[in-house]
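Source: prediction; values computed, not measured. Start at 1 and go down the list; that is how both ligands and their atoms are numbered.
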Amino acid sequence: MHEEGNLLFSRSIHEENIVGCESLQLDYLKGVGQMRYGVIGTGGMGTQYGVLLQEFAGKQVDFIDTWDDNVEQIRKQGGVYVSQDEENRHLVPIHVYYPEEYDGDPDVWIVFLKQMQLDDVLPRCAHLFKDHQVIFSAMNGYGHFEKFAQYFDTSRIYGGTALIGAEVYGPGDVNFTGGANAKAMNMCGYGEQVTDVEHEIFEDFTQATLNPTIVSNFMGMCMAKIVFNSVLNTLCTMYQIRFGEFMRHPGARWMTEKLVDEAYTAAEKAGLKLLGTRESEVETICHTAGVAHPLHYPSMYQDLTKGRSTEVDFINGYIATIGRENGYECTLHEFVTQELHLAELAFSIHHPEFKHS
Ligand SMILES: CC(C)(CO)C(=O)C(=O)O
């Protein structure tokens with residue numbers, strides 16, 4: 001999912017921020033290229049990052065998961081089945097562990113959990129976290145970095161935003177969506193310094209075909225993606241439609257403009273400068289939905305239609321929170337948050353076979 005020239009996922013490295021941070025000379029630097037990865041959350045995105053690092057960058061990757069059916073199925077079939085846009089489905093041998101049984105020591109943790117899972121899973125992994133390690137995540141929503149900071153020094157936390165899709169068909173079976181050569185992501189240190197470690201991760205992600213870009217504004221990067229998701233994920237999920245179907249609605253651009261406008265005002269009141277302007281964000285959303293990825297169902301849709309809670313409180317709800325904390329009421333985002341919760345309730349009424357979690 002790569003948008004050339006798009007500010008949400010621009011392609012530039014801000015060399016001026018590069019520092020040779022002494023404290024981040026990890027053991028792996030004794031032999032460059034030997035960096036080992038541990039993925040926490042072997043769902044759609046965690047599997048994708050880990051498998052691509054394994055297959056294309058030749059990295060050693062261990063996978064941690066707490067979903068019993070997934071762990072057992074992966075062990076039973078000797079790996080995870082992966083496909084790209086429903087093609088080339090093949091079994092990739094992977095090593096998966098419950099947190100309690102893992103005794104490895106990766107250099108980099110990659111976390112892809114749902115925001116609501118962190119309070120349960122991070123404490124289960126706490127014994128695995130070591131001072132020399134760094135942690136990276138490109139999860140949707142906001143709240144995870146402050147939770148990582150309970151275990152890691154902030155100089156060891158790296159964030160990202162990914163325009164990369166994945167769908168879990170079932171335990172041990174994942175499809176990567178949106179085009180093998182169309183993946184794109186941004187990354188940035190929590191402290192906004194570009195370290196040697198970040199460079200090494202950048203190189204590995206590049207080899208893994210994830211098309212990373214290092215950007216210099218951490219919160220601006222995060223907020224731009226949160227705003228993107230606050231429109232497309234939330235509205236498409238509420239109506240159970242694809243990105244392109246949303247854009248067929250004559251009011252789609254108007255709705256996008258209203259939500260983007262309110263979110264930008266809330267961010268500005270909080271003193272945050274986003275990547276891109278209101279206009280460029282609206283363009284990115286409309287172009288991504290209508291032209292680049294019209295067939296995409298957002299990850300939030302997958303949660304709703306599997307009877308799981310969604311991350312809306314960490315997306316639209318987060319925008320509303322930063323507005324409220326700074327004396328600005330985000331009536332639209334508050335309203336949309338409640339509407340999405342109503343959609344969750346409606347789904348559980350129409351589908352009693354799913355027990356909502
Ligand atoms: C893949 C992408 C970028 C599209 O919204 C996403 O964030 C999601 O589906 O949650």
Do any side-chain atoms of residues 249-259 form donor-acceptor pairs under 3.5 angstrom with protein atoms, and if so which ones, sequence neighbours left out?
unit_1 : atom_1 : unit_2 : atom_2 : d
Arg253 : NH1    : Glu283 : OE2    : 3.0
Arg253 : NH2    : Glu283 : OE2    : 3.3
Thr256 : OG1    : Ala252 : O      : 2.7

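Evaluation of the salt bridge (Lys or Arg N to Asp or Glu O under 4.0 Å) test over residues 42-57, restricted to residues two or more places apart or in two chains, returns none.
Residue Asn229 places a heavy atom under 4.0 Å from ligand 1. Contact annotation: Tyr301 has no heavy atom less than 4.0 Å from any atom of ligand 1.
Counting atoms of ligand 1 from 1 in the listed order, those under 4.0 Å from a heavy atom of Leu163 are 3 (C). Near Ala162, meaning under 4.0 Å from any of its heavy atoms, are these atoms of ligand 1: 3 (C). Taking every non-hydrogen atom of Ile164 and a distance limit under 4.0 Å, the qualifying atoms of ligand 1 come out as 1 (C).
Under the 30°/60° scheme for interplanar angles, the aromatic rings of Phe148 and Phe145 are found to stand perpendicular. Relative orientation of the His199 and Phe202 rings is perpendicular, given thresholds of 30° and 60° on the angle between their planes. Using cut-offs of 30° and 60° on the angle between ring planes, the pair Tyr102 and Tyr97 is tilted. Note: Tyr49 and Phe112 have tilted aromatic rings, judged against thresholds of 30 and 60 degrees for the angle between ring planes.
For the residues Met45, Met300, His296, Met139, the heavy atom positioned nearest atom 2 (C) of ligand 1 is part of His296.
Checked against a 3.5 angstrom limit, the closest N/O atoms of Lys225 and ligand 1 fall inside it.
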